[in-house]
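A quick write-up on the structure given underneath.
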Amino acid sequence: MNRTSAVRPVGPRRVKGNRKVSRRIANTTAIVIALLTVFPLYWMVLSALKPDGEINSVDPRPWTWHPTLDNFRDAFGVSGFGGYFLNSLIVATVVVVLSGLVSFLAAVALTRFDFKFRTTILVMFLVAQMVPVEALTIPLFFLVRDIGTVAPGFGLSTLGSLMLVNLAFSLPFAIWMLRGFVKAIPESLEEAARIDGANRFTILWRILFPLVAPGLAATSVFSFITAWNDFVFAKTFILDTDHQTLPAALMVFFKPDENDWGGIMAASTLMTIPVLIFFVLVQRHLVSGLGGAVKD
Amino acid sequence: MAETAVRRAPTVVTRVKKALAPLPWIGPAVLLIGVVVLWPVVVMVWSSFQRIRRTGIVVGSNGTDNYKKLFDEPDFVAVLWNTVVWVLVVVAITLVLSLFLAQLFNQHFPGRRFARWAMIVPWAASVFMTAVVFKWMLHETHGAINTLMVDLHLMDAGKDWLGRPSTAMPWMMAVAVFVSLPFTTYTLLAGLQTVPGEVYEAAKIDGASTWRTYLSITLPLLKPAILVAVVINLINVFNSFPIIWAMTNGGPGYETATTTVFMYQLKASDIGESAAMSVANFAMIIILVAFFLVVSRNKETDR
């Protein structure tokens, strides 16, 4: 902070005073907004920790003096919860890695090669981005079933099917974002390396990849969220209990008469933690990462 | 002669090689998107012209009857109107708030880190779960929001906000804005960081007011970021399903349904009609985005 204010030219005192006031206003506004944004999460965790009597109280308080882990115990008590969690983690991890790899290659192709159908492919990716997932459940069900007869690892009730479909749906946006990144890297860098005798792979791995890394970090966020939070595909393809993912555990607490709100909030809390951790890991790159998407 | 022949022979090979060179790079992406995303769209379009039993068995061609039935649906116009309001209001409010937030977060102040962190939370939580938490907070008797408003003497007793369309719609729009803010703000923040600082120094020397500087310098430079933010938001908000589904199920009746939710509701009674709605839905969003892109491109060439 000191560094930036030292660089700025020292203005008249009035301006300086104004700046102090405006900084205080900015600070207060930002903190109020931050508290508002975090409140639903706070209420979720709080509700998860409240004993049953307080959850069903007609006079809910924004604190609790009797925190309990009962709701979390209920959530873990859903048979197969550990397995569901692991399944979700496996699917999301595979999707993140493959999505990064495939979209990186595609972004390089779209920026570094000059070929006939480039515009067609770009439009195709943009259109793919607009596909409403809920509209495709029936055709996707049949597609996955048919794929299963050829490649059983990707058929119905397999984690492979979730990986495949989540991967494909995460690609258009990832490619679009990475394209901006690769485009911004001067081609002269690669040419210099080529003259020095580096081959394609070396150029890709040693030069392009590190420069695109922040973009990959940002795209990984999107593919992780897509895969981790997916309800629709899991509900459509997974017909047995062994290959369910976390949303299935959450669904147990929704009841036709009155929902088990404590259980829902506890399961939701458990489901949110891994995503938050993932965000913590990549947050540093998020702004610069999104920069790729907004470059023309 | 011989020399040219020798030279010409490899050109054919190199030409083929050159044409195929991008294939290993772009191939996997095109294959995956083509088979898993676009092929089902083709099937969807095809099935919108079929007569389909509720069990999913295709009986035969239905011509354009699915579409006729859809457009004659008594609630169709109301649902369409809901969708227009939903998309316009949510995207517009999201954009305005995000422009403000991005500007705020781009300043240096002690709480900045905390505020930027907080902004990530609605992004990380799944949209469905956020909607469920809001539904819980809006609960008529056990909800945080009702209790708070009663305590502040804004109301005498808790309200069933989600039970009536006139109050359910604004709340669901608020949730949609809430979940759209983080991405939009971060995208605009990324855009702001591409604006070089010298531009502002120059404006300051010229004596331009803050507001004036913002309108004539920041906004035009922010245009590529705004474009990306609006396109992505148009798509996401238009296709948004979990918020309405989790909070009201589109009900009572179809009164709080957008076309995306309507399409899902129709699936229970008539798969063919539902497919027709999907196709109409998809066509609408493509036209909407194309229209937006063309309009913004035209403005660009005017300058």
Side-chain angles (χ1 to χ4, degrees), chain A residues 1 4 23 26-27 29-31 33-34 37-38 40-41 43-44 47 56-60 102-103 105-106 108-109 113 115 121 125 127-132 134-136 138-140 143 164-165 167-169 171-172 175 229 231 261 264 268 272 275-276 279 283 286-287 290-291 293-294 296, chain B residues 21-22 25-26 28-30 32-33 36-41 43-44 56 104 107-112 114-115 118-122 124-126 128-130 132-134 136-137 141-142 144 147 186-187 189-191 193-194 224-225 228 235 239 241 260 263-264 271 278 281-282 285-286 289:
Chain A
M1 198 94 46
T4 49
R23 184 174 290 181
N27 218 0
T29 319
I31 286 171
I33 291 166
T37 357
V38 180
L41 181 81
W43 198 258
M44 178 174 95
S47 304
N56 296 321
S57 150
V58 289
D59 192 22
V102 175
S103 56
L105 290 178
V108 171
F113 290 95
F115 54 96
I121 288 176
F125 288 171
V127 169
Q129 176 70 33
M130 296 183 229
V131 172
E134 285 80 14
L136 296 182
I138 295 172
L140 274 171
L143 177 77
L164 179 74
V165 175
L167 170 64
F169 276 87
L171 282 179
I175 295 169
N229 290 337
F231 272 80
W261 288 106
I264 292 173
S268 299
T272 310
V275 198
L276 280 175
F279 259 101
Q283 198 265 352
L286 212 52
V287 172
L290 283 167
V294 302
D296 228 356
Chain B
W25 304 70
I26 195 90
V30 171
L32 276 164
I33 293 174
V36 180
V37 183
L38 297 178
W39 172 246
V41 173
V43 175
M44 175 182 90
L104 183 66
Q107 246 122 77
H108 287 272
F109 56 87
R112 184 169 90 148
F114 172 66
M119 188 74 324
I120 280 182
V121 169
S126 94
F128 177 78
M129 262 157 41
T130 308
V132 169
V133 172
F134 268 94
W136 168 229
M137 293 200 301
T141 48
H142 313 319
T147 309
Y186 267 82
T187 304
L189 202 52
Q193 302 199 330
T194 59
V228 169
I235 296 172
N239 285 336
F241 173 78
T260 309
M263 170 267 293
Y264 201 82
I271 294 177
S278 306
N281 216 14
F282 196 35
I285 184 63
I286 289 176
V289 169

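Reminder, nothing fancy here: chain letters follow the sequence lines and each chain counts from 1.
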Looking only at heavy atoms and a cut-off of under 4.5 Å, which of A/Leu136, A/Val38, A/Val102, A/Val108 has the most pairs with chain B?
A/Leu136
Going by the angle between their ring planes, with limits at 30° and 60°, are B/Trp136 and A/Trp261 parallel, tilted or perpendicular?
parallel
Under 4.5 Å from a heavy atom of chain A, the part of B/Leu38 involved
side chain
Identify the two heavy atoms, one from A/Ala168 and one from B/Val37, that lie closest to each other, and give their separation to 0.1 Å.
O-CG2, 3.9 Å
Just so I understand: if I count every heavy-atom pair under 4.5 Å between each of B/Phe134, B/Phe241, B/Tyr264 and chain A, which residue has the most?
B/Phe241
Region of B/Ile235 in contact with chain A, defined by heavy-atom distances below 4.5 Å:
side chain
Taking only residues two or more places apart in sequence, or in another chain, which ones meet B/Thr141 in a side-chain contact (heavy atoms from CB on, under 4.5 Å)?
A/Val58, B/His139
Top contributor to chain B interface from A/Pro60, A/Ala135, A/Ser268, A/Ala109 [non-hydrogen pairs under 4.5 Å]
A/Pro60
How close do B/Ala124 and A/Asn229 get, heavy atom to heavy atom, and via which atoms?
O-ND2, 3.7 Å
Value for CD1 (A/Ile31) from CZ (B/Phe114), rounded to nearest 0.5 Å, stands at 6.5 Å
What's the separation between atom CD1 in B/Ile120 and atom OG1 in A/Thr37, rounded to the nearest 0.5 Å?
11.0 Å
Do you know which of B/Ile271, B/Thr260, B/Val132, B/Leu189 has the most heavy-atom pairs under 4.5 Å to chain A?
B/Val132
If I compare all heavy atoms of A/Pro132 with all of B/Asn239, which pair ends up nearest, and what's the gap?
CB-OD1, 3.5 Å
Evaluate the criterion side chain to side chain contact (heavy atoms under 4.5 Å, CB included) for residue pair A/Leu140 and B/Val36; output intermediate values, then yes/no.
CA-CA 7 Å; A/Leu140 274 171; B/Val36 180; 4.2 Å; yes
From A/Ile175 atom CD1 to B/Ile26 atom CD1, the distance as rounded to the nearest 0.5 Å:
6.0 Å
Is there a side-chain contact between B/Val121 and A/Phe279, using heavy atoms and a 4.5 Å cut-off?
no
How close do A/Leu171 and B/Leu32 get, heavy atom to heavy atom, and via which atoms?
CD1-CD1, 3.8 Å
How long is the straight-line distance from OG of A/Ser47 back to NE2 of B/His142, given to the nearest 0.5 Å?
11.5 Å
Atom CG in B/Asn281, atom CE in A/Met130: separation rounded to 0.5 Å?
12.5 Å
Do you know the tightest heavy-atom contact between B/Ile33 and A/Ala128?
CG2-CB, 3.6 Å
Between A/Ile33 and B/Leu104, is a side chain to side chain contact (heavy atoms under 4.5 Å, CB included) present by the stated rule, with each step listed?
CA-CA 11 Å; A/Ile33 291 166; B/Leu104 183 66; 4.0 Å; yes
Partner chain A: residue of B/Pro40, B/Ser278, B/Pro28, B/Ala115 with the largest heavy-atom pair count (under 4.5 Å)
B/Pro40
Counting only heavy atoms closer than 4.5 Å, note whether B/Met263 contacts chain A via side chain, backbone, both or neither.
side chain
Which residues pass the side chain to side chain donor-acceptor pair (under 3.5 Å) test with B/Thr130, sequence neighbours left out?
none
